[in-house]
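Each ligand, and each atom within it, is numbered from 1 in the order the structure gives.
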Amino acid sequence: MKKIRKVGVLGGGLMGSGIAQVSAAAGFPTTVREVSEALGEKSRLAIEKSLAKGIERGKVTEAERSTTLGNLRFVTDLKELADSDLFIEAVVEDLDVKNSLWSQLDQIARPDAIFASNTSSLTIIAMATASGRPDRMLGIHFFNPVPLMKLVEVVRTITTSEETEQRALDFVRALGKEPIRAKDSSGFVVNLLLIPYMIDAIKALESNVASVEDIDKGMQLGAGHPMGPFTLLDFVGLDTVYKIAEIMFTEYRESRYAPPPLLRRMVLAGMLGRKSGKGFYDYSFNPPRVSSLGL
Ligand code: CAA
Ligand code: NAD
């Protein structure tokens with residue numbers, strides 16, 4: 001079985017940066033493709049910041065930092081990823097955008113290269129045709145923040161070969177992560193349960209059950225969650241949660257996945273959470289303050 005040596009990451013946003021960081025830290029020469037040089041630079045800075053925090057916490061050594069940075073390259077031209085053994089896609093949650101990338105990559109990637117999507121809610125089989133390699137296409141789904149979260153879902157479709165799944169499982173373990181196998185159904189394991197929970201929190205707020213802070217405090221102190229649902233929504237990104245909810249609702253036609261009106265209004269207002277500086281909380285304050293939502 002061919003070993004994975006070089007990794008190409010598509011998208012250097014929240015997830016792409018984290019995935020590239022852990023891949024480079026594990027010793028894989030990793031190339032990140034962003035759509036502009038400015039976004040590539042933003043991705044590099046995010047990784048440097050995470051490494052600096054890791055050093056501050058005593059979790060990352062200076063040697064690990066230089067290995068990680070030394071294994072990273074940021075490019076805008078897809079062709080520079082041509083010699084990758086594994087491509088991990090972490091661009092916006094939009095099937096057309098992802099499929100357009102897969103068909104371009106199929107023209108330049110080696111025939112034995114594996115294509116993996118980090119999608120949160122799309123089915124992997126919906127990308128298999130565009131990939132031109134249905135037996136070497138699968139899901140490798142990481143969790144945010146990638147350097148800290150142990151879990152990775154490995155998703156095999158009805159066409160993925162056993163060898164592809166095994167190579168992906170070996171790669172995930174080489175990153176020091178814990179894989180679980182999941183069926184190729186929208187939301188896999190974690191989002192199937194987590195998305196309705198986040199949607200329910202927004203519905204509870206819309207119906208005035210309690211304030212943002214008290215709902216967050218309730219789930220932190222009453223259920224032992226590391227963050228309350230609104231802190232988590234801001235952390236994941238409200239645009240991403242909105243897209244995930246729409247996709248899961250279209251797939252299952254169950255109201256538990258339907259994005260609530262408040263979520264849509266916030267996305268339309270550009271309140272995307274931490275990444276835009278404002279969501280359920282306003283991050284221009286330290287500590288962040290609850291945003292005014294006109295409820
Ligand atoms: N590098 C390395 N280690 C770091 C670090 C860094 N940059 N920053 C912190 N750490 C370490 C800390 O030293 C600490 O280690 P110990 O436990 O050994 O002391 C640990 O990581 C936790 O760090 P903090 O104390 O700073 O942070 P915290 O306790 O507040 O936890 C958190 C932070 C891990 C993010 C926690 O709040 C959490 O688990 N939140 C929930 C995240 C979650 O649910 N993610 C999933 C989102 S959904 C998704 O991803 C799927 C999707 O498709 C949408
Ligand atoms: P993000 O908004 O931080 O980054 C989006 C990325 O998509 C950027 O790199 C951007 O340049 C790229 N992009 C946007 N339009 C593009 C286009 N037309 N062509 C090529 N690239 C384009 O998003 P994210 O949170 O990193 O999410 C990326 C993927 O990971 C999504 O599929 C999402 O569902 C999934 N995911 C997100 C989380 C999370 O907590 N945010 C967790 C797991 C999986």
Part of Pro147 with heavy atoms under 4.0 Å of ligand 1, whether side chain, backbone, both or neither | neither
Number the atoms of ligand 2 from 1 as they appear, then name those within less than 4.0 Å of a heavy atom of Lys98, with their elements.
-> 31 (C), 32 (O)
What protein heavy atom is closest to atom 1 (N) of ligand 1, reported as residue, atom name and distance in Å?
-> Gly54 CA, 3.4 Å
Select the closest option to atom 33 (C) of ligand 1 among Val60, Leu51, Leu148, Val236, judged by heavy-atom distance.
-> Leu148
Check whether any N or O atom of Phe142, backbone or side chain, sits under 3.5 Å from an N or O atom of ligand 2, and answer yes or no.
-> no
Say whether Val97, considering both its backbone and side-chain N or O atoms, lies within less than 3.5 Å of an N or O atom on ligand 2.
-> no
Check whether any N or O atom of Glu34, backbone or side chain, sits under 3.5 Å from an N or O atom of ligand 2, and answer yes or no.
-> yes
Take the angle between the ring planes of Phe115 and Phe87 and call it parallel below 30°, perpendicular above 60°, tilted in between.
-> perpendicular
So is there a nitrogen or oxygen of Leu101 less than 3.5 Å from a nitrogen or oxygen in ligand 2?
-> no
Would you say Lys49 contacts ligand 1, with heavy atoms under 4.0 Å as the rule?
-> no
Using a 4.5 Å cut-off on heavy atoms from C-beta on, say whether the side chain of Asp170 contacts that of Arg173.
-> yes
For residues Tyr257 and Phe249, establish whether the separation of their ring centroids is below 6.0 Å.
-> no
Look up atom 28 (P) of ligand 1 and tell me if a protein heavy atom lies less than 4.0 Å from it?
-> no
Of all the atoms in ligand 2, which lie at a distance below 4.0 Å from a heavy atom belonging to Ser120?
-> 33 (C), 34 (O), 35 (C), 36 (N), 37 (C), 43 (C), 44 (C)
Any atoms of ligand 1 less than 4.0 Å from a non-hydrogen atom of His141? List them with their elements.
-> 51 (C), 52 (C), 53 (O)
Out of Pro145, Gly187, Gly228, whose heavy atom is nearest to atom 35 (C) of ligand 1?
-> Pro145
Between Lys150, Glu56, Met149, Glu64, which one has a non-hydrogen atom sitting closest to atom 43 (C) of ligand 1?
-> Met149
Close-contact set for ligand 1 against Ser120 heavy atoms, below 4.0 Å | 52 (C), 53 (O), 54 (C)
Heteroatom proximity flag, Asp239 to ligand 2, N/O under 3.5 Å | no
Nearest non-hydrogen atom to atom 19 (O) of ligand 1 belongs to which of Arg57, Lys59, Glu153, His225?
-> Lys59
Proximal atoms of ligand 2 relative to His141 (non-hydrogen, under 4.0 Å) = 43 (C), 44 (C)
